[in-house]
Amino acid sequence: MREKGMMKSKGNRKMVNKDMANGNTVSKNRMIGHAAKRIAILGICGCALAGCGDGMQTEEELVIPVEQAKEDKAVPEAAENTTSAGDVAGQVQAPDRYQWEGGLDAVSVQADAVVEIPDVVGIRTKKITGRAFIQEDFDRVDQALLGGGKLWDRDYQAMADSNGFTASELEEALRRLEGIKENGTKGNMLYGDKAVTLDQQIVIYRDMLEKAPEEPVLMDVPAIVNFDDTLGEGEKENYLSGMVTVDGKEYRVIVDNSLLTGEIRRAVFSVEREAANGSWNWLMSDPTKRDEYPEELGIEEDLAVMLEELQLQPDTAVEETRMKLKAMGMEDYAPYGGEYSYILALTEDEKNVIKQVGYQVHCSRVEDGVPVLYMHEDGSRSEEARVWWPAEEMTFVYTDEGLISFEWVNPWVPEDLSAEPVFLLPFTEIADIFQEMIIKKSLDEFSEEGDRTEIQVSGVRLGYMLLQDTGVEQMTGTLVPVWNFTGRKIGRNAAGEMKYVIENEYESLLTINAMDGTIVE
């Protein structure tokens with residue numbers, strides 16, 4: 001079953017959509033507020049193929065150096081003969097394209113995918129420790145993205161009588177509320193989610209207008225980044241917020257270390273144009289290719305028009321991101337891919353409107369030439385974990401006016417865990433595991449009598465994925481090499497009618513540990 005989610009924050013709901021350049025339909029579900037389970041489970045058939053034990057393996061068992069594996073005859077002869085100094089491509093012996101067809105009555109799978117392998121001589125596992133943002137982080141972002149601009153903000157204490165609003169802003173708010181009444185809403189109705197009526201809110205605004213200044217009262221904000229882990233969740237001492245003006249454009253800057261305690265560990269550094277303040281959600285561009293949810297929003301036509309008018313090209317956004325990463329001195333990151341994005345807002349009369357459309361570039365950490373695979377679902381915690389610690393994420397959003405949003409979540413400190421490159425299973429074994437487990441997984445998913453699932457695999461990639469440590473409260477985990485299979489999933493009812501389409505290169509069909517063949521959910 002497909003779940004519906006309210007669109008509150010970036011990524012709460014990815015819509016079915018179509019990239020206008022290539023005609024691919026795309027759909028995405030992602031819940032930020034409560035993470036999906038990520039459990040490393042031992043695939044029954046996968047372990048039979050990979051030679052796993054009966055129980056979950058320890059780190060020592062999982063990390064098998066290449067040379068030791070050869071001595072133990074764990075490396076097939078074909079792979080051993082073609083492996084050069086631990087060359088990954090030679091060790092895994094993957095084809096340029098992975099092609100396969102199979103399935104059952106209820107599930108069919110068709111694979112025709114380019115296989116992407118890092119051009120490295122070996123892959124080591126990495127220990128990952130989360131950290132708070134520090135002053136150096138702020139300074140490098142400020143210089144590269146904001147030209148070293150100084151932070152300022154409204155002096156809300158000096159503007160307390162008008163609740164921080166200027167006279168013109170309150171006059172606009174009053175016009176908006178009066179317009180709601182003119183459209184038929186009664187004045188004795190409650191205003192939004194407040195405990196006052198519409199008429200009472202109008203009186204409140206009028207009282208504030210009498211005391212409101214014509215221009216905002218401004219103050220300088222010290223650009224000091226703090227983190228004190230003895231403070232409780234949400235403490236303002238660990239929170240920095242202010243505005244920066246660049247070429248006449250105002251940006252809201254937030255460095256939030258305040259959520260690094262308690263059950264959630266989520267540090268956020270964001271820079272966002274004030275004119276487009278909101279929550280970015282991913283691609284939704286073709287009203288004829290979406291599932292049932294977007295139609296309820298009533299924004300299809302507006303979105304299609306705005307995307308057609310967007311002049312920005314994805315390649316331009318990606319190249320601009322490379323330049324900004326270089327300017328920030330972040331050589332450990334690289335663009336991973338991107339997708340069209342939009343901001344959805346709710347008007348006073350509770351109608352959905354699109355504030356802005358743009359192109360979002362996802363960036364990934366690259367460790368020793370191996371990328372951390374970016375996934376929309378990445379960062380969820382396992383069932384045993386005591387805290388929710390989302391994986392590191394960095395995104396840039398552009399419009400025709402340039403950079404409009406930057407967000408960096410949960411920076412990492414990596415270090416080598418395995419002294420030598422680890423042993424990787426040959427791709428033939430990975431393919432066998434995929435072919436059996438993708439069908440099993442699809443059959444395990446809920447469906448009504450007679451429903452059929454069609455799976456089309458279009459991408460296969462080897463890279464890193466973070467497995468969060470369990471049973472501890474620290475932000476720690478391990479980067480392990482995995483094979484990620486992506487593509488398209490189509491659901492049909494007994495009559496053959498399409499019920500849904502889920503497709504996104506950032507949503508995994510199946511992820512397999514490259515060292516031992518276990519399934520990572």
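In this structure, Tyr506 and Tyr374 have perpendicular ring planes: the angle between them is above 60°, well past the 30° mark.
In this structure, the side chain of Lys127 does not engage the main chain of Leu479 through any donor-acceptor pair within 3.5 Å. With hydrogens and angles disregarded, no donor-acceptor distance shorter than 3.5 Å links the side chain of Arg452 to the backbone of Gly491.
Between Glu454 and Lys489, none of the side-chain N atoms (NZ, or NE/NH1/NH2) sits under 4.0 Å from a carboxylate O, so this pair counts as no salt bridge. For Arg492 and Asp451, the salt-bridge test fails: no basic side-chain N is under 4.0 Å from an acidic carboxylate O. With respect to Glu320 and Arg322, no salt bridge is recorded, no charged nitrogen being found less than 4.0 Å from a carboxylate O.
Take Tyr464 and apply the ring-ring contact (aromatic ring centres under 6.0 Å, His included) test, not counting sequence neighbours, and it matches no residue. Pro314 meets the side chain to side chain contact (heavy atoms under 4.5 Å, CB included) test with Tyr340, Tyr359; sequence neighbours excluded. The salt bridge (Lys or Arg N to Asp or Glu O under 4.0 Å) check on Asp137 picks up Arg131, with sequence neighbours excluded. For Ala144, the side chain to side chain contact (heavy atoms under 4.5 Å, CB included) partners are Ala327, Met328, not counting sequence neighbours. Listed by chain and number, the residues in a ring-ring contact (aromatic ring centres under 6.0 Å, His included) with Phe269 are Phe133 (sequence neighbours excluded). With sequence neighbours excluded, the residues satisfying salt bridge (Lys or Arg N to Asp or Glu O under 4.0 Å) with Asp416 are Lys126.
Annotation: Trp483 is not in aromatic contact with Phe434 [ring centroid separation under 6.0 Å not met].
Exactly one residue among Leu462, Val92, Ile512 makes a side chain to side chain contact (heavy atoms under 4.5 Å, CB included) with Ile430. That residue is Ile512.
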>> I'd like to know whether Tyr398 forms a side chain to side chain donor-acceptor pair (under 3.5 Å) with Gln313, so could you lay out the CA-CA distance, the side-chain angles of the two residues, the decisive distance to 0.1 Å, and finally the verdict.
In response: CA-CA 10 Å; Tyr398 300 87; Gln313 297 299 310; over 6 Å; no
